[in-house]
Amino acid sequence: MSKKILVVDDEQSIVTLLKYNLEQAGYKVITALDGEEGKYKAITEHPDLIVLDLMLPKMDGIEVCKQLRQEQVQTPIIMLTAKDDEFDKVLGLELGADDYMTKPFSPREVVARVKAILRRTRQIEIRATSAIDEMQFIVGEVKVYPEQYEAYFQDKRLELTPKEFELLVYLIENKSRVLTRDQLLSAVWNYDFAGDTRIVDVHISHLREKIEENTKKPVYIKTIRGLGYKLEEPKGE
């Protein structure tokens, strides 16, 4: 069964271009030309992935992304932006987008990133449906159940985006190891992100907000200056 992609952009030429290339790659494509329609279709059509423009009439892409995540819609989102504005890109990621691309872009690159994200999502689904034993990771007060796609902190379930969950699992699987930003990019995003390590920093920051009592003095995810990050057992008082 073909995966369904929702493309939300107010430029008809871009919608047509993406629709054609994604359909050639074997996907079913639905479209929306403004933010309100995009949000409605994201909820009612249950797409497998959303390609979402930043600048939209009626409701911009940032607000669409924010409202979808608030309503617990965890569909992967690729944000498109025509601006060379780092604030917009980082804000989009902080609100739950999984990836971003700056216009003008290559349709082939969009298709490649769609495939990469859906491949990772599929791997998670396979682990969940084929699990024999209930695998779990416990680090301090953090518990992760990879097959159930669930994570808890202090026995409260965490609301994580797909990329946040994958990043947390990878950090725990490599507990006590120093991981460079490039290693995390390769392992979690599964493709060359052109060395743009800010995406890692944003997601690390987001995870810390959810599993650290004090994000200024993290006890789980430590920054290793000049290298990257390391997840470790919190030290007792």
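In this chain, residues are counted from 1 in sequence order.
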- Query: Is atom NZ of K66 surrounded by more than 12 heavy atoms (other residues, nucleotides or ligands) closer than 6.0 Å?
  - Reply: no
- Message: Looking at every heavy atom in both M79 and C65, which two are closest together, and how far apart are they?
- Response: CE-CB, 4.1 Å
- Non-hydrogen atoms of F137 and E173 that approach each other most closely: CZ-CG, 3.8 Å
- Query: Does the side chain of E233 reach to within under 4.5 Å of the side chain of K175, using non-hydrogen atoms?
  - Reply: yes
- Task: Heavy atoms only: give me the nearest K143-D155 pair and the separation to one decimal.
- Result: NZ-OD1, 3.8 Å
- Message: Let me confirm one number: the CD1-CG distance from I221 to L167, rounded to the nearest 0.5 Å.
- Response: 6.5 Å
- Going by distance alone, is a donor N or O of one side chain under 3.5 Å from an acceptor N or O of the other, for E164 and Q74? no
- Message: When you compare the side chain of R181 with that of Y229, does any pair of heavy atoms fall below 4.5 Å?
- Response: yes
- Item | Interatomic distance, L68 atom CG to I43 atom CD1 [nearest 0.5 angstrom] | 5.5 Å
- For L168 and A151, the nearest pair of non-hydrogen atoms, with its separation, is CD2-CB, 4.1 Å
- Assess whether side chain to side chain contact (heavy atoms under 4.5 Å, CB included) is satisfied between D182 and V200, documenting all intermediate values. CA-CA 9 Å; D182 285 334; V200 174; over 6 Å; no
- Cationic N near anionic O, under 4.0 Å, E166 to K163: yes
- Message: Restricting to non-hydrogen atoms, name the atom on V73 and the atom on A42 that form the minimum distance, rounded to 0.1 Å.
- Response: CG1-O, 4.5 Å
- Working for side chain to side chain contact (heavy atoms under 4.5 Å, CB included), residues L56 and V8: CA-CA 8 Å; L56 292 167; V8 188; 3.7 Å; yes
- Given the rule in the side chain to side chain contact (heavy atoms under 4.5 Å, CB included) test, do V139 and L171 qualify, once you have shown the distances and angles that lead to the verdict? CA-CA 11 Å; V139 180; L171 286 167; over 6 Å; no
- Note: D201-R208 ion pair, threshold 4.0 Å (strictly below): no
- NZ of K210: more than 12 outside heavy atoms within 6.0 angstrom? yes
Could you pull out every donor-acceptor pair under 3.5 Å between side chains of residues 12-21 and any protein atom, sequence neighbours left out?
from : atom 1 : to  : atom 2 : distance (Å)
Q12  : NE2    : T16 : OG1    : 3.3
T16  : OG1    : Q12 : O      : 2.9
K19  : NZ     : E23 : OE2    : 2.7
N21  : ND2    : L17 : O      : 2.8

- Heavy-atom pair of closest approach, residues E212 and V219: OE1-N, 2.8 Å
- Task: Applying side-chain hydrogen bond (donor to acceptor under 3.5 Å, both in side chains), name anything that partners E209, two or more places apart in sequence or on another chain.
- Result: none
- Message: When you group the ILVMFWY residues by side-chain heavy-atom contacts below 4.5 Å and let the links chain together, are Y40 and L52 in the same group?
- Response: no
- Within a reach of under 6.0 Å around NZ of K222, are more than 12 heavy atoms found that belong to other residues, nucleotides or ligands? yes
- Looking at OG1 of T223 and CD1 of I204, how far apart are the two atoms once the value is rounded to the nearest 0.5 Å? 7.5 Å
- Message: In the structure I gave you, are the side-chain heavy atoms of K103 and M55 within less than 4.5 Å of one another anywhere?
- Response: no
- Note on the structure: d(L160 CG, I211 CD1) to nearest 0.5 Å is 9.0 Å
- Nearest 0.5 Å, what's the CZ-OH distance between R113 and Y100? 8.5 Å
- Message: Any side-chain to backbone donor/acceptor pair from K4 onto E45? Under 3.5 Å, distance only.
- Response: yes
